[in-house]
Amino acid sequence: MVKSVMVAYALWAVGGLFGLHHFYLGRDSQTLLWILTLGGFGIGWIRDLICIPTYVTEANQDAETKKRKASNMLHPPVNPVRFAGQVCVGVYFGTVALIGLSSLRFFDLIVLPLCVAAGVHLVSTVGQQTSHLPKTLIASLITSPIFYGSTLSPLPISLAASVTATQHRKYKKPPAAGNTQELGPRLCRLSLAWLAFSAPLAYCVFHNTTATLYYLSDCVAALLDMFWFLPWLRSVLEYILLMPYRFMCVLTGGGYYEEAWTKMLEILLKDYNEQEKEALKVLSLGGQASLEEITRGYRELAKTWHPDHNPSKDSEAMFVKIHEAYEVLLRRHRPRRFT
């Protein structure tokens, strides 16, 4: 079926952030990428405004034309935009893995590089190009041990995987004439891929809500700080990003300040998670302990187990354990604000 530029633009306007126009044009890899990144973090969605006519032309080409075009060029030209996208999405996938999968065994050696490589390869398969997946995976797995345990490790792993993917890029083989994919299987594959991406993150949100909220808070604050040189743009972004927060403040009562944020957390986090329960046991406190009681208990135990005052062999390890428990409980009772 011949694709229409007008229909593509209409779908771009209605559901472009979720790749609806790419799905219409048969670009399933880019559809999945747009779903997972909200239109390439918004930048790709805006760029599509210019690129849609080209995408429509590619979609309307028959298999023979595509095969002839690919045979005229041994390798696709290097595209800096694609390379930057590979790096960014690789870091993005790695960050999501750090949030939702970091508790798994061999996370830094296997799970993290696999997730980063998956993000890089997804970008490399956008459009008519692809890359050599095994070599991209190998580059990620080799780079990962060098930066073992570092929170910044997704960046160098993504760079190594992106360089490898760029070196081994090639054109996709066009489908045989009449071999058009049906709508059902395409939707099924996209749904399964989205589920595989979101399930670990959802698990983390439901089982470690406090840490997730803190992490999101830090990410929003860091994003806003990037626009310090344009105060008006920073204000606009802040207003948009904090709309859910302001909505919750209205529901819980009060202004947009620490008190409202605390009320919202009290509604969301009625029970302590497992890490916080263990921290309460370490400090010998009950579930109803206030911040003052937690601080008082911590200071008393810290004095008792401080290595300078306690000569026992276990004093240093116990002192560290007490301090970590206090930090866990302190984060719960003193949540950070976005701004």
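Please read these numbers as outputs of a predicted model, since none were measured by experiment.
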### Query
Going by side-chain heavy atoms closer than 4.5 Å, which hydrophobic residues are tied to Val87, directly or by a chain of links?
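Noted: Val87 shares its cluster with Phe83, Val91, Leu155, Leu159, Val163.
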Taking everything shown except [X] itself, do over 12 heavy atoms lie less than 6.0 Å from its [atom1]?
| X | atom1 | value |
| --- | --- | --- |
| His306 | NE2 | yes |
| Glu316 | CD | no |
| Phe107 | CZ | yes |
| Leu187 | CG | yes |

Path from [X] to [Y] over hydrophobic side-chain contacts below 4.5 Å:
| X | Y | result |
| --- | --- | --- |
| Tyr55 | Leu49 | yes |
| Leu112 | Ile146 | no |
| Phe93 | Phe41 | yes |
| Ile142 | Ile157 | no |
| Val328 | Val320 | no |

Atom pair [atom1] ([X]) and [atom2] ([Y]), whose distance is rounded to the nearest 0.5 Å:
| X | Y | atom1 | atom2 | result |
| --- | --- | --- | --- | --- |
| Leu141 | Leu109 | CG | CG | 9.0 Å |
| Lys3 | Asn60 | NZ | CG | 8.0 Å |
| Arg82 | Ser131 | CZ | OG | 9.0 Å |
| Arg27 | Thr125 | CZ | OG1 | 10.5 Å |
| Ser29 | Arg189 | OG | CZ | 10.0 Å |
| Leu190 | Thr31 | CG | OG1 | 6.0 Å |

### Message
Go through it in stages, so that I can follow the logic: the residues are Leu25 and Glu58, the test is side-chain contact (heavy atoms from CB on, under 4.5 Å), and I'd like the CA-CA distance, side-chain angles, deciding distance and then a yes or no.
### Response
CA-CA 9 Å; Leu25 297 173; Glu58 291 177 357; over 6 Å; no
Would you confirm whether [X], through its side chain, and [Y], through its main-chain N or O, come within 3.5 Å as a donor-acceptor pair?
| X | Y | answer |
| --- | --- | --- |
| Ser153 | Gly149 | no |
| Arg299 | Ile294 | no |
| Tyr24 | Ser4 | yes |
| Ser144 | Ser140 | no |
| Trp12 | Trp45 | yes |

### Query
How far apart are the C-alpha atoms of His21 and Trp34, what are their side-chain angles, what is the distance that settles it, and do they pass the side-chain contact (heavy atoms from CB on, under 4.5 Å) test?
CA-CA 10 Å; His21 55 300; Trp34 258 223; 4.2 Å; yes
### Which atom of Tyr298 lies closest to which atom of Ile322, heavy atoms considered
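Looks like CD1-CG2, 3.6 Å.
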### Task
Just say parallel, tilted or perpendicular for the rings of His323 and Phe319, cut-offs at 30° and 60°.
parallel
Does a side-chain heavy-atom distance below 4.5 Å link [X] with [Y]?
| X | Y | value |
| --- | --- | --- |
| Pro113 | Leu137 | no |
| Gln86 | Ser124 | yes |
| Val89 | Val120 | no |

### Query
When you check the side-chain N and O atoms of His22 and Asp48, is any donor under 3.5 Å from an acceptor?
yes
### No-hydrogen, no-angle side-chain donor-acceptor test under 3.5 Å, Asn310 and Ser312
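Checked: Asn310/Ser312 side chains pair up, N/O donor to acceptor below 3.5 Å.
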### Check: Tyr92 ring centre within less than 6.0 Å of Phe197 ring centre
yes
### Working for side-chain contact (heavy atoms from CB on, under 4.5 Å), residues Leu38 and Phe18
CA-CA 6 Å; Leu38 282 182; Phe18 301 98; 3.6 Å; yes
#### Entry: Leu33/Val126 under side-chain contact (heavy atoms from CB on, under 4.5 Å): CA gap, chis, key distance, verdict
CA-CA 8 Å; Leu33 181 62; Val126 165; 3.9 Å; yes
